[in-house]
Amino acid sequence: MYYVNQEQISVRLAVIPDVAGAMRALTEQWRGELLQGLAQERALHLAIEIVTDVGSYVIDGFIMRDASSYEDIIDIIAEEGVFPSAIKETVMELVKLRKPLVQDYFAWPAGELHPLTSALPDVLDQFKRSVEAYLLQELGL
């Protein structure tokens, strides 16, 4: 029997509507102001942490192979069918932003709207629905 920490997965997935909403608002109202740039960075960073945290909980709970990197987390849960392959490329592109956002933040072009900011809201919504459906299917909830 698997022990999947559904509570921790759920609290993380519950943040997605707010992050996706913020990204939609930023896309619609973008003027390249400092606060918008900082908000965009935080929204992208939260999106990264959500998908990697959820992925780690799923990998641990279902005893999937160990991940060696953030990108590997995405590869593993995609291979296991946790989310559709159609969004894998976008989710992987998101996860690859972690280093620029967290370590090279001083070089981040804060005045520019990143292309993922407008693409991610629907992808994040789909990721959330897919993970919930996967848990329902696998755990029979």
Side-chain angles (χ1 to χ4, degrees), residues 1-110 112-141:
M1 187 67 187
Y2 298 117
Y3 172 71
V4 180
N5 195 332
Q6 297 171 63
E7 179 183 344
Q8 289 302 311
I9 293 172
S10 292
V11 296
R12 283 159 175 77
L13 292 177
V15 178
I16 286 179
D18 290 338
V19 172
M23 288 179 174
R24 286 183 179 102
L26 284 165
T27 298
E28 293 169 8
Q29 302 165 13
W30 190 259
R31 293 180 304 281
E33 298 170 354
L34 176 62
L35 285 178
Q36 288 180 318
L38 293 171
Q40 175 183 234
E41 289 175 45
R42 182 62 176 155
L44 289 167
H45 184 202
L46 283 173
I48 294 164
E49 297 304 318
I50 291 166
V51 299
T52 56
D53 285 353
V54 167
S56 292
Y57 279 114
V58 169
I59 288 168
D60 290 346
F62 289 103
I63 313 169
M64 298 173 184
R65 72 175 171 86
D66 288 337
S68 61
S69 66
Y70 290 102
E71 290 89 349
D72 204 24
I73 292 169
I74 303 309
D75 281 335
I76 293 166
I77 61 174
E79 289 167 10
E80 294 289 337
V82 176
F83 64 87
S85 60
I87 65 169
K88 180 184 177 191
E89 185 177 326
T90 305
V91 175
M92 187 65 79
E93 191 177 341
L94 169 67
V95 170
K96 288 179 180 179
L97 288 180
R98 190 173 193 285
K99 185 176 188 292
L101 283 168
V102 176
Q103 295 177 2
D104 301 329
Y105 54 86
F106 50 85
W108 182 264
E112 297 174 20
L113 182 66
H114 193 282
L116 281 181
T117 301
S118 58
L120 274 173
D122 292 337
V123 169
L124 290 172
D125 291 340
Q126 189 173 6
F127 179 85
K128 179 181 185 298
R129 288 190 311 272
S130 298
V131 170
E132 291 168 340
Y134 183 85
L135 293 176
L136 185 64
Q137 172 189 319
E138 296 298 317
L139 298 175
L141 303 173

In Å, rounded to the nearest 0.5 Å, how long is the span from [atom1] of [X] to [atom2] of [Y]?
X      : Y      : atom1 : atom2 : value
Gln6   : Leu135 : CD    : CG    : 6.0 Å
Leu139 : Tyr134 : CG    : OH    : 8.5 Å
Ser130 : Gln137 : OG    : CD    : 11.0 Å
Glu71  : Leu94  : CD    : CG    : 10.5 Å
Leu97  : Met92  : CG    : CE    : 12.5 Å
Gln36  : Thr27  : CD    : OG1   : 10.0 Å

Can you name the nearest heavy-atom pair linking [X] to [Y], along with the distance?
X      : Y     : value
Ala39  : Leu26 : C-CD1, 3.9 Å
Ala43  : Met23 : O-CE, 3.5 Å
Leu101 : His45 : CD1-N, 3.9 Å
Ile73  : Ala67 : CG1-CB, 3.6 Å
Asp66  : Asp72 : O-OD2, 3.7 Å

Between [Y] and [X], is there a side-chain heavy-atom distance shorter than 4.5 Å?
X      : Y     : value
Val19  : Arg42 : no
Lys128 : Ile50 : no
Leu35  : Glu33 : no
Tyr70  : Val51 : no

- request: Scan residues 99-109 for pairs that pass salt bridge (charged side-chain N to carboxylate O under 4.0 Å, His left out), counting only residues two or more places apart or in two chains.
  value: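 Of all non-adjacent pairs touching residues 99-109, those that pass salt bridge (charged side-chain N to carboxylate O under 4.0 Å, His left out) are Lys99-Asp104.
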Pairs under 3.5 angstrom only: tabulate donor-acceptor contacts from the side chains of residues 77-85 to other protein residues two or more places apart or in another chain.
none

What residues, two or more places apart in sequence or in another chain, satisfy side chain to side chain donor-acceptor pair (under 3.5 Å) together with [X]?
X     : value
Asn5  : none
Glu89 : none
Arg24 : Asp122, Asp125

Please output the side-chain donor-acceptor pairs of residues 52-59 that fall under 3.5 Å, not counting sequence neighbours, one pair per line with the distance.
{"from": "Thr52", "atom 1": "OG1", "to": "Ile48", "atom 2": "O", "distance (Å)": "2.9"}
{"from": "Thr52", "atom 1": "OG1", "to": "Glu49", "atom 2": "O", "distance (Å)": "3.3"}
{"from": "Asp53", "atom 1": "OD2", "to": "Arg12", "atom 2": "NE", "distance (Å)": "3.2"}
{"from": "Ser56", "atom 1": "OG", "to": "Thr52", "atom 2": "O", "distance (Å)": "3.0"}

